[in-house]
> 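Take this structure first; my questions come after.
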There are 2 protein chains.
Amino acid sequence: MAEPKGKIDDTNSESAVPKAVVSRLSLYLRELQHLLRDSQETTSSTQLGSMLGFTDAQVRKDLAYFGQFGYPGIGYRCDELVHAIKRILGTDRDWPIALVGIGNLGRALLGYRGFGEQGFRVVAAFDSDPQKVGAVIEGVPVYAAEDLPQVVKSKGIRLAILAVPAIAAQAAADQVVQSGIEGVLNFAPMTITLPKEVRLVGVDLAIELEQLSFAVASRNPKPCDESI
Amino acid sequence: MAEPKGKIDDTNSESAVPKAVVSRLSLYLRELQHLLRDSQETTSSTQLGSMLGFTDAQVRKDLAYFGQFGYPGIGYRCDELVHAIKRILGTDRDWPIALVGIGNLGRALLGYRGFGEQGFRVVAAFDSDPQKVGAVIEGVPVYAAEDLPQVVKSKGIRLAILAVPAIAAQAAADQVVQSGIEGVLNFAPMTITLPKEVRLVGVDLAIELEQLSFAVASRNPKPCDESI
DNA sequence: TAGATTGTTAATCGATTAACAATC
DNA sequence: TAGATTGTTAATCGATTAACAATC
């Protein structure tokens with residue numbers, strides 16, 4: 001086996017990688033981590049693709065957006081590809097996270113192990129309810145919303161999760177933006193607008209169920225594929 | 001204003017509506033419901049699109065998959081379009097839901113109001129921990145996994161939410177399938193395989209954060225759009 | 001009527017797949 | 001070596017956008 005090539009070609013990171021490619025990248029990473037746990041050293045675009053219902057060509061094309069990570073005739077070394085994808089996704093380091101809204105969902109996200117496994121650390125929680133401020137939940141201190149700018153700065157927080165009611169979502173978004181946050185994961189069932197320099201990902205849990213009810217109700221008989 | 005046209009053309013519901021179209025349909029519904037709450041009677045493809053960052057042509061094309069819902073020169077009646085989209089998505093009626101896994105996330109989903117607002121009722125919860133069985137959480141009774149077939153049948157449940165650890169996801173999936181479930185919303189960070197006649201939607205919360213860290217870390221300066 | 005807006009067709013754009021030389 | 005598999009180009013496929021006659 002020759003020298004690892006794993007150099008990341010970020011010349012084209014600026015030239016618009018399709019969103020779908022990035023989301024498949026996360027899926028590849030998840031599968032590779034499972035393979036690693038099963039002590040598998042190498043894999044191929046064919047194997048990786050078939051685990052997720054994609055073609056081998058798609059796997060190779062997706063990776064090609066970012067560089068050359070494989071060995072012709074051999075495939076990919078799982079550990080190398082994991083590191084490469086983590087570097088691309090930015091999860092080769094830890095991300096301190098602010099969580100806004102300590103309702104049902106907020107508390108669940110505070111305790112969610114899956115975040116920590118990928119390097120996401122919820123280090124501060126915020127709520128407008130004065131009764132909750134000062135508490136420590138799952139080891140995470142709860143602050144007043146007014147403290148956002150100070151806490152965000154002192155803890156080096158760049159990402160925020162919004163788990164507030166729809167009605168409060170835009171105001172909460174404005175506050176986190178004001179505090180210097182660079183990216184927002186919005187769980188409120190509400191479209192929010194942010195300055196264009198702040199990244200936004202939205203997850204609406206009811207919408208996910210709607211996708212399912214549509215598929216079941218209209219029973220379009222397609223091959224089973226996991227959308228994420 | 002002429003006769004409402006709202007007939008749903010389900011001849012093509014069998015000819016593969018793209019998944020992206022259905023997910024935009026849910027977003028249109030969400031915006032329309034907000035417009036209705038603001039007492040707006042009609043809207044246009046241009047308005048609806050601009051609320052979500054889509055073109056007017058896309059809105060009209062998406063709706064055209066399912067029928068004719070608008071009035072040339074006028075636009076769309078919000079209430080009519082809400083009813084039409086709900087009928088398409090299958091949320092014009094209630095869906096009793098089974099929730100499997102009463103950990104942190106499971107409990108949060110039990111109490112999540114957003115589901116109920118769209119007609120999704122979690123009517124039974126399941127857990128493998130005997131200590132939890134028999135409890136009633138947020139008004140929802142907790143059963144043993146073995147009771148799945150019986151409860152699913154007696155309550156007419158067709159959809160299940162999986163909120164179990166990754167390691168337990170495939171086994172849980174097999175159990176709900178065995179009990180006759182027709183659709184699965186999987187929150188476990190794990191690819192699961194189901195018989196092709198059972199629909200699957202997957203949501204991996206860590207992956208959503210990865211999409212965000214990628215966007216922030218690589219700071220590709222695109223216009224702010226909400227992925228869902 | 002004139003202005004607005006739909007539904008739909010045709011043109012454009014982008015993403016996926018197939019194919020294959022290069023490599024191990 | 002022969003067999004396997006990559007990275008990449010060209011061909012295909014599908015989705016988005018533009019344009020416009022029909023309609024209110």
> I want to check something: taking the side chain as every heavy atom from C-beta on, are Q175(B) and V100(B) in contact at a cut-off of under 4.5 Å?
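Not touching, per the 4.5 Å side-chain cut-off.
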
> Rounding to an integer number of Å, can you tell me how far E80(A) CD sits from dT6(D) P?
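Value for this atom pair: 13 Å.
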
> Please find the pair of heavy atoms, one from R158(A) and one from I181(A), that lie closest to each other, and give the distance.
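Looking at all heavy atoms of both residues, the closest pair is O-CG2, 3.6 Å.
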
> Let me confirm one number: the OG1-CD distance from T43(A) to E31(A), rounded to the nearest 0.5 Å.
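T43(A) atom OG1 to E31(A) atom CD measures 9.5 Å (nearest 0.5 Å).
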
> Does S45(B) make a side-chain N or O approach to OP1 or OP2 of dT6(C) shorter than 4.0 Å?
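The answer is yes; a side-chain N or O of S45(B) sits under 4.0 Å from OP1 or OP2.
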
> Tell me whether the side-chain N/O atoms of Y76(A) come closer than 4.0 Å to OP1 or OP2 in dG7(D).
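For Y76(A), the contact criterion (side-chain N or O under 4.0 Å from OP1 or OP2 of dG7(D)) is met.
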
> Base, sugar-phosphate, or nothing for T46(B), non-hydrogen atoms under 4.0 angstrom?
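Result for T46(B) = nothing.
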
> For A217(B) versus W95(A), what's the shortest heavy-atom pair and its separation?
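So the minimum-distance heavy-atom pair works out to CB-CZ2, 4.1 Å.
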
> Heavy atoms, side chains only, cut-off 4.5 Å: are I97(A) and I157(A) in contact?
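A side-chain contact under 4.5 Å is absent here.
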
> Rounded to whole Å, please give me the gap between CD1 in I74(B) and C1' in dT6(C).
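Spelled out: CD1 on I74(B) to C1' on dT6(C) is 10 Å.
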
> Stem list for DNA chain C, please, built from Watson-Crick and G-U wobble pairs under 3.5 Å and keeping only runs of at least 3.
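Counting only runs of 3 or more consecutive pairs, the stems involving DNA chain C are C:3-24 with D:3-24.
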
> Mark up nucleotides 13-19 of chain D, 5' to 3', with B wherever a protein heavy atom is under 4.0 angstrom from a base atom, S wherever such an atom reaches only the sugar-phosphate, and - elsewhere.
--SBBBB

> Is there a side-chain contact between S45(B) and F54(B) (heavy atoms, below 4.5 Å)?
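Not touching, per the 4.5 Å side-chain cut-off.
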
> Is there a donor-acceptor contact under 3.5 Å linking the side chains of E117(B) and Q33(B)?
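Result is no, nothing qualifies.
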
> Considering only side-chain heavy atoms of P72(A), which listed nucleotide, dT23(C), dG7(D), dT8(C), is closest?
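Among the listed nucleotides, the one closest to the side chain of P72(A) is dT23(C).
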
> Rounded off to whole Å, could you give me the CD-to-P distance for the Q68(A) and dC24(C) pair?
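Taking atom P of dC24(C) as the reference, CD of Q68(A) is at 11 Å.
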
> Sequence neighbours left out, what passes side-chain contact (heavy atoms from CB on, under 4.5 Å) with D92(A)? Give chain and number order.
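K86(A), R87(A).
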
> Between L81(B) (CG) and dT5(C) (P), how many Å, whole number?
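Roughly 15 Å, once rounded to whole Å.
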
> Measuring to OP1 and OP2 of dT5(D), would you say a side-chain N or O of Q47(A) lies under 4.0 angstrom away?
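No, Q47(A) has no side-chain N/O under 4.0 Å of OP1/OP2 on dT5(D).
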
> Side chains of V176(A) and V198(A), heavy atoms from C-beta outward: is any pair under 4.5 Å?
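V176(A) vs V198(A): side chains apart.
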
